[in-house]
Amino acid sequence: MSFELPQLSYSYDSLEPHIDARTMEIHHTKHHAGYTAKLNAAIAGTPLEGQSIEGILQNLDMSNGAVRNNGGGFYNHCLFWNVMSPSPKTLSGDLADAIHNSFGSFDEFKTAFSAAAATQFGSGWAWLCAHKGGRLEVCSTANQDNPLMPGVACDGVPILGLDVWEHAYYLNYQNRRPDYIDAFFNVIDWGVVANHFEAAK
Ligand code: MN
């Protein structure tokens, strides 16, 4: 059994103008497909074959560069596609309350998340993570690391992730990462993030 590149539930051009179709297509069919193929190659014939991606990452030997980079890349992009939508649901309910309780207000959360994304040096990701009991935390990771991995950043479960590798935005935004981060907030599907929160807390 091997991991498969997920189909997107929306078309490549449907997140425009916030994220352009060419970036989406290359990102999904080249970058994410590449991580998926290399992950499958790295675990083939090892005890990791057949395990869930979450299990692989939570018990990862961080010195295993092939699984760290490609397992992270596989998982991170699955989450990224999943939390975006051309017709995103607004924030409400328990997750809205948890954001208020953890950050003070939505605007303070947005400021913290945007700062984590903007100040991650080089390639990496910004995360919103949920802890048992419902407390939320913002953090960032380098390369394809993520918070499920041992000893990495916040130790909660990631419920929202933003890819800040240049391949995620350079065609449309060039070096203007902050504009890309602002644009991402227009396509976050808070209904999906709320489902992740309910499962994690
Ligand atoms: Mn990427």
Side-chain angles (χ1 to χ4, degrees), residues 2-43 53-54 56-57 60 62 64-86 88 113-129 138-149 152-154 157-189 192-193 196:
S2 55
F3 292 105
E4 288 183 11
L5 181 69
Q7 294 296 309
L8 304 191
S9 63
Y10 45 83
S11 61
Y12 292 133
D13 63 358
S14 63
L15 301 180
E16 291 194 349
H18 310 296
I19 301 183
D20 65 285
R22 185 85 178 119
T23 296
M24 285 296 299
E25 181 175 4
I26 296 170
H27 204 171
H28 182 241
T29 65
K30 305 297 183 192
H31 293 277
H32 197 187
Y35 293 121
T36 305
K38 289 174 186 169
L39 170 62
N40 287 329
I43 64 173
I53 187 61
E54 291 84 1
I56 289 173
L57 298 179
L60 184 65
M62 295 296 276
N64 185 339
V67 175
R68 181 176 178 175
N69 292 329
N70 297 298
F74 174 75
Y75 172 90
N76 296 347
H77 290 87
C78 289
L79 179 64
F80 184 51
W81 311 135
N82 183 245
V83 297
M84 295 190 291
S85 169
F113 185 90
S114 299
T119 60
Q120 170 59 45
F121 183 75
S123 297
W125 291 75
W127 306 101
L128 175 63
C129 288
V138 159
C139 60
S140 63
T141 56
N143 302 316
Q144 296 297 353
D145 286 353
N146 71 54
L148 294 181
M149 295 177 180
V152 170
C154 0
V157 174
I159 61 172
L160 172 70
L162 173 60
D163 189 342
V164 296
W165 285 56
E166 283 191 345
H167 70 225
Y169 64 88
Y170 203 85
L171 286 180
N172 196 35
Y173 293 97
Q174 294 81 51
N175 63 327
R176 292 174 286 116
R177 189 192 287 187
D179 291 352
Y180 160 70
I181 295 166
D182 268 348
F184 174 65
F185 273 84
N186 294 312
V187 294
I188 298 173
D189 190 324
V192 171
V193 182
H196 293 165

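We count ligands from 1, going down the list as the structure has it; atoms in each ligand are counted the same way.
- Between H18 and F184, the distance from one ring center to the other does not fall under 6.0 angstrom.
- Not one N/O/S atom of H32, from backbone or side chain, sits under 2.8 Å from the Mn ion (ligand 1).
- For the Mn ion (ligand 1), the N/O/S atoms of H167 include one lying under 2.8 Å.
- Residues I19 and N172 fail the side-chain proximity criterion, which asks for heavy atoms closer than 4.5 Å.
- No other N/O/S atom of D163 lies as close to the Mn ion (ligand 1) as OD2 does.
- C129 does not pair with C154 as a disulfide, the SG atoms being 2.5 Å or more apart.
- Put simply, the angle at the Mn ion (ligand 1) from NE2 in H77 to NE2 in H27 is close to 90°, to the nearest 10°.
- For R176, the CZ atom counts as densely surrounded, since its 6.0 Å shell holds more than 12 non-hydrogen atoms of other residues, nucleotides or ligands.
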